[in-house]
Amino acid sequence: MKNMKAISLSLLMATNLIYSGIALSATGTVTLRDVDNGTCVLTAPEPGQTQIYSFVNEPVACKDWNKKARSIQFSELPSATNIIVAANRNCWDSNDPNDFPWFKLKTIKKITFTTILQIENLASYSAGQIIQPGLQMIELMKSNENGGNRDKISCVSITTSAVPPSSSTTTP
C-alpha cells in the first residue's frame, strides 16, 4: 500500500512538472493578415521579455508581406501578456494625432486564443472592456480621420509577464 501511494505521488509530481514545463516554454503567436489574407506571424518572447516588431524600421518584420494589417489573431499567449498594436513605427502610446491609432491589449486567461479580429473594429471597444474571452482592451487612441483605423498598423509590441518565483520550502 505504501508503494502504491509513493508511485501515485511520483506520477502526479512528474505530470505537474511536465505540464508546467510545457506552459513555461509555450510563448504563443500573434498573426496579422492583410487584405488578401497574406499572413505575418509574430512570436511572443520568452517570459519577462519584450519583442517589438516594426514594419518600417530595420529589421523589418515579415519582409515579404505587404505590411497592411487588416486583422489580428492571438494563439497560445500566456496570461498577462501585453500587446501594443500601433500606427507609429516604434510602438509607443502617443497623443500626437499623426501616431493614431494605437491599442493596448492584455491577455487575462492562462492561455489565450482568439478568432480573427478586424483591427479597425478594435476602435469600437472601450478601455477595460473584454474583446473576447481572455483578451481585454486596456487603453486605446483611435483615428478620427476618414478611413479610420484600416491599414495603418506599423508596429506590434509583445511583452510577456515574468515567471513568478518558485516557493522554496526548507526543512529543518
Side-chain angles (χ1 to χ4, degrees), residues 16 19-55 61-62 65 67-165:
N16 284 337
Y19 281 118
S20 63
I22 290 170
L24 292 176
S25 66
T27 56
T29 60
V30 174
T31 302
L32 300 171
R33 287 181 178 77
D34 62 23
V35 65
D36 301 317
N37 274 332
T39 60
C40 174
V41 179
L42 310 173
T43 304
E46 294 298 317
Q49 302 295 313
T50 297
Q51 178 67 50
I52 296 175
Y53 294 97
S54 176
F55 305 112
C62 301
W65 185 64
K67 298 165 189 66
K68 299 279 188 186
R70 286 274 171 104
S71 65
I72 191 165
Q73 184 174 20
F74 304 98
S75 299
E76 298 183 10
L77 288 175
S79 181
T81 296
N82 290 292
I83 304 106
I84 298 174
V85 180
N88 66 54
R89 57 183 52 204
N90 296 312
C91 286
W92 66 78
D93 52 351
S94 168
N95 290 324
D96 181 347
N98 296 320
D99 290 336
F100 297 166
W102 54 262
F103 308 96
K104 285 185 182 178
L105 310 164
K106 185 174 189 173
T107 59
I108 54 174
K109 270 177 56 174
K110 188 171 184 178
I111 301 293
T112 299
F113 291 87
T114 68
T115 61
I116 298 170
L117 303 163
Q118 297 302 313
I119 291 173
E120 66 183 326
N121 293 342
L122 291 176
S124 66
Y125 292 91
S126 303
Q129 192 172 3
I130 303 299
I131 298 168
Q132 286 191 357
L135 185 65
Q136 182 177 26
M137 177 67 71
I138 300 301
E139 192 177 354
L140 73 154
M141 192 62 70
K142 51 191 167 188
S143 177
N144 292 326
E145 64 185 53
N146 285 342
N149 305 293
R150 180 178 262 185
D151 299 337
K152 303 249 171 104
I153 301 308
S154 296
C155 188
V156 175
S157 172
I158 307 168
T159 303
T160 54
S161 62
V163 176

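These numbers were taken from a predicted model, which means no experiment stands behind them.
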From [X] [atom1] over to [Y] [atom2], what is the distance, rounded to the nearest 0.5 angstrom?
X	Y	atom1	atom2	result
Phe74	Thr107	CZ	OG1	9.0 Å
Gln51	Thr159	CD	OG1	9.5 Å
Ile116	Leu32	CD1	CG	11.5 Å
Gln73	Thr29	CD	OG1	8.0 Å
Phe103	Met141	CZ	CE	11.0 Å
Ile72	Arg33	CD1	CZ	10.5 Å

Measuring only between side-chain heavy atoms, which start at C-beta, is [X] closer than 4.5 Å to [Y]?
X	Y	value
Met137	Leu122	yes
Asn90	Cys155	no
Leu117	Leu135	yes
Ile158	Pro45	yes
Leu77	Thr114	no

Handout entry: Pair Cys62-Leu42, side-chain contact (heavy atoms from CB on, under 4.5 Å): steps then yes or no
Key = CA-CA 9 Å; Cys62 301; Leu42 310 173; 4.3 Å; yes

How close do [X] and [Y] get, counting heavy atoms only, and between which atoms?
X	Y	result
Lys109	Pro133	CD-C, 3.8 Å
Ala86	Cys91	CB-CA, 4.0 Å
Ser161	Ser79	OG-O, 3.3 Å
Ser157	Thr50	OG-CG2, 3.7 Å
Ala80	Lys106	CA-CE, 3.8 Å
Thr160	Pro78	CG2-CG, 4.3 Å

Exercise for the section: Take Phe55 and Val156 through the side-chain contact (heavy atoms from CB on, under 4.5 Å) test and state the conclusion after the steps. Expected result: CA-CA 9 Å; Phe55 305 112; Val156 175; 4.2 Å; yes

Exercise for the section: Verify whether one side chain among Gln132 and Thr115 offers a donor that lies under 3.5 Å from an acceptor in the other. Expected result: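 Their side chains do contain a donor-acceptor pair, which is all the 3.5 Å distance test asks for.
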
Exercise for the section: For Gln49, enumerate each residue passing the side-chain hydrogen bond (donor to acceptor under 3.5 Å, both in side chains) test, keeping only those at least two apart in sequence or located in another chain. Expected result: none

Exercise for the section: Please list, chain by chain and in numerical order, all residues satisfying ring-ring contact (aromatic ring centres under 6.0 Å, His included) with Tyr53, sequence neighbours excluded. Expected result: none

Exercise for the section: Would you check if the side chain of Thr112 reaches a backbone N or O of Gly134 as a donor-acceptor pair within less than 3.5 Å? Expected result: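 Pair found, side chain donor or acceptor close to backbone of Gly134.
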
Problem - Side-chain (Ser71) to main-chain (Gln118) donor-acceptor, under 3.5 angstrom - result: no

Handout entry: Contacts of type side chain to side chain contact (heavy atoms under 4.5 Å, CB included), residue Ser124, not counting sequence neighbours
Key =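 Scan of Ser124 (side chain to side chain contact (heavy atoms under 4.5 Å, CB included), adjacent residues dropped) gives none.
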
Fill in the blank from the handout: From the list Asp151, Asp34, Asp36, salt bridge (Lys or Arg N to Asp or Glu O under 4.0 Å) with Arg70 holds only for Asp151

Practice task
Would you check, one step at a time, whether the test side-chain contact (heavy atoms from CB on, under 4.5 Å) holds for Leu105 with Ile131?
Solution key: CA-CA 9 Å; Leu105 310 164; Ile131 298 168; 3.5 Å; yes

